[in-house]
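Working notes for the structure below.
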Amino acid sequence: MIDVKAARNAPDEWRVALERKGAAGAFDAFLEADRAWLDLVPEVDELRGQTKIKGKPTPEQLESLKTVKEELQRREAELEAAVAARQLALDEVPNPPDASAPDGDTDDDAVELRRVGEQPTFPFEIRDHVDLGVPAGWLDLERATRLSGSRFAYRMGDFALAELALYRMALTRLAAHGFTPVIAPVLVREEAMYGTGFFPTDAVNIYGIERDDLYLVGTSEVSLAALHMDEILDEDELPRRYVGYSTCFRREAGAAGKDTRGMFRVHQFDKVEMFVFCRPEESADTHEQLLAYEEELTAALKIPYRVVNIAAGDLGASAVKKYDIEAWFPQQERYREITSTSNTTAFQARRLGARFRRDKKVEPMHTLNGTAATARALLSVVENHQQEDGSARMPAALVEFGAPELLRAPA
RNA sequence: GGCGGGGUGGCUGAGCGGUCGAAAGCGGCGGUCUUGAAAACCGUUGGGCGUUCACGCGCCUCAUGAGUUCGAAUCUCAUCCCCGCCGCCA
């Protein structure tokens, strides 16, 4: 949710910024609905005031109350409609992008900030994670499909150990940076989905358990953001930094035919996610810091990567700015997203009711999120560190947390 | 799954249908006292919306929605949620 008062005060600036997200029209529609609502509010307030009588009313007062209440009833119906229309319009207005988010509407418009690490060269025919993992017994996709349908995977043996080592490495390192480790619920109520902004926008990608009115989270961002839902913290309690581990579930509606090979894009995966509540003036720096942590983790995996600054028109509704880390996938010969960190400023917090108090005033916090680790990173590790015999070397950072030094080749 | 209790401000917890946005305590903030702090004492202190340069003023809000009433935190109904006991269970 945007800062409505700020938007009213500087509509032209807001319109220009929102135009970069293609939302100038939505903004104008909101302003109009807001105006209509603003006109109605004092009228209804005035009528309501007239109905308040202290103590026992006289017969004359009772008589005049009748006409006032009739008028009030009409006006309240109008107001109710105006409130609904305004809310609908408001929900369509995204968070205006930060000035440093580049222009453009697609992932091609993202600006590459840097490339780190050297792309490996191989003196042999290289394989992707499927051709490596299936023969070696690290992955079983066929049986997973038989069990659950397409886009599911069994991860087994050395690979399973390496994957858990990855999550543990991320949790341990981030805990050392001051994040509170969290193992979060993955089934949540509808309110949590609305509060974090996944409903109604992304509802098609969320699995629902109809019988119990619960929903499976697509990311632990939901569970972590909800930690301070409807709370008012003291200023000195900020920042609050969490690193959550959870399984994530996504229907991947709208991804038909995309990334269907292997476990690059599956319905169920695990993720370690960072989530920060902070003071407004801290969020920009915090965002850079989250990116730095993501780069630290990626570098520890010894995989080549690049950092991109996502184009304004390609940002989600809530982000003002987003950095992705893309890891090198040698068989695809391209960089693919493995992490993403967004600054959602007060947009998410406002809807969430996550506020803090300073100098007697209550204001929304800022919230940020960022991926710490998913198995996708491990796919890049496996592919970049593959050996001719089909095995794959694991970086020391993972071995330290229980990964085998070598994911064994097929017997 | 069975039976019972309950949802009030940052927290705990009172609340006769009107003078209740709501006692009291805790916490927070300001002050007195003190070299400073603590203690003690005094004052102040929910959130949201609108309006105002501001002091302020108006409206909404006692889980949610509907109803009774001139008037509801208080009465009625429905829904949601929480807690306790028993059963089952990783």
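Below, chains carry the letters A, B, ... as their sequence lines are ordered, and counting in each starts from 1.
Note: CG (L233(A)) to P (G47(B)) measures 14 Å, nearest angstrom. We find that CZ of F356(A) is positioned 20 Å from P of G46(B), with the value rounded to whole Å. Rounded to a whole Å, the CH2 atom of W37(A) is 8 Å from the P atom of C49(B). Protein atom CZ of R358(A) is 16 Å distant from nucleotide atom P of C29(B), rounded to whole Å. One interatomic measurement links the two molecules: CD of E76(A) to P of A66(B), which rounds to 11 Å at whole-angstrom precision. The distance between atom CE of M365(A) and atom C1' of G10(B), rounded to the nearest whole Å, is 13 Å. Atom CG of D236(A) and atom P of G27(B) are 16 Å apart (whole Å). Rounding to whole angstrom units, CZ of residue R35(A) and P of G50(B) are separated by 11 Å.
Comparing the P positions of C88(B) and G47(B) gives an interatomic distance of 49 Å, to the nearest angstrom. When the P atom is used for both G25(B) and U32(B), the distance is 23 Å, rounded to whole Å. Using C1' as the reference atom, C29(B) and C82(B) are 32 Å apart when rounded to the nearest Å. Using atom C1' as the reference point in both C42(B) and C49(B), the two lie 34 Å apart (nearest Å). Taking atom P in both C81(B) and A63(B), the straight-line distance is 16 Å, to the nearest Å. Rounded to the nearest Å, the gap between the P atom of C16(B) and that of G10(B) is 23 Å. Nucleotides C60(B) and A22(B) place their P atoms 14 Å apart, quoted to the nearest Å. For the P atoms, the distance linking G2(B) with G71(B) amounts to 40 Å, nearest Å.
In terms of the side chain to side chain donor-acceptor pair (under 3.5 Å) criterion, E13(A) has no residue partners (sequence neighbours excluded).
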Quiz item: Please, what dot-bracket string fits RNA chain B when only Watson-Crick and G-U pairs with both distances under 3.5 Å count, crossing ones use [ ] and pairs to another strand use |?
Solution: ((((((((.[[[..)..(.....]]]((((((.......))))))((((((....)))))).[[[[[..)....]]]]])))))))....
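Taking the ring centroids of H177(A) and Y293(A), they lie under the 6.0 Å cut-off.
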Self-check item: Under 4.0 Å protein heavy-atom contact, by nucleotide of nucleotides 58-64 of chain B - B base, S sugar-phosphate only
Solution: BSS----
Exercise. Start with the C-alpha distance between Q348(A) and S318(A), add both sets of side-chain angles, then the distance that settles side-chain hydrogen bond (donor to acceptor under 3.5 Å, both in side chains), and finish with yes or no.
Key: CA-CA 6 Å; Q348(A) 187 179 48; S318(A) 58; 5.6 Å; no
Quiz item: Should V83(A) and W37(A) be marked as a side-chain contact (heavy atoms from CB on, under 4.5 Å) after you check the CA-CA gap, both sets of side-chain angles, and the distance that decides it?
Solution: CA-CA 6 Å; V83(A) 165; W37(A) 172 77; 3.4 Å; yes
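Among the heavy atoms of the strands lying under 4.0 Å from L38(A) are primed sugar atoms or P, OP1, OP2 only; no base atom is included. Within 4.0 Å of R8(A), counting heavy atoms only, lie sugar-phosphate atoms of the nucleic acid but no base atom.
C41(B) shows a glycosidic angle more than 90° from 0 and is accordingly assigned anti.
Each of Y207(A), F199(A), F249(A) was checked for a ring-ring contact (aromatic ring centres under 6.0 Å, His included) with Y215(A), and the lone residue meeting it is F199(A).
Geometrically, R15(A) does not engage F27(A) in a cation-pi contact defined by less than 6.0 Å to the ring centre and at most 45° from the axis. Cation-pi contact between R334(A) and F329(A): absent, since separation from the ring centre below 6.0 Å together with deviation from the ring axis within 45° is not met.
Annotation: M1(A), atom CE; neighbour count of heavy atoms from other residues, nucleotides and ligands within 6.0 Å is above 12. At most 12 heavy atoms of other shown residues, nucleotides or ligands fall within 6.0 angstrom of atom CD in E32(A).
Checking E191(A) against D234(A), the closest nucleotide of RNA chain B that is more toward the 5' end is the one next to D234(A). Along RNA chain B, the nucleotide closest to V4(A) and the one closest to V362(A) are compared, and the more 5′ of them pairs with V362(A).
At C82(B), one or more side-chain N or O atoms of R189(A) fall inside 4.0 Å of OP1 or OP2 (strictly under the cut-off). Phosphate proximity of G47(B) to R357(A): present, with a side-chain N or O under 4.0 Å from OP1 or OP2.
Remark: C248(A) SG to Q268(A) CD distance equals 9.5 Å, nearest 0.5 Å. Expressed to the nearest 0.5 Å, how far CZ of R151(A) lies from OG of S148(A) amounts to 14.0 Å.
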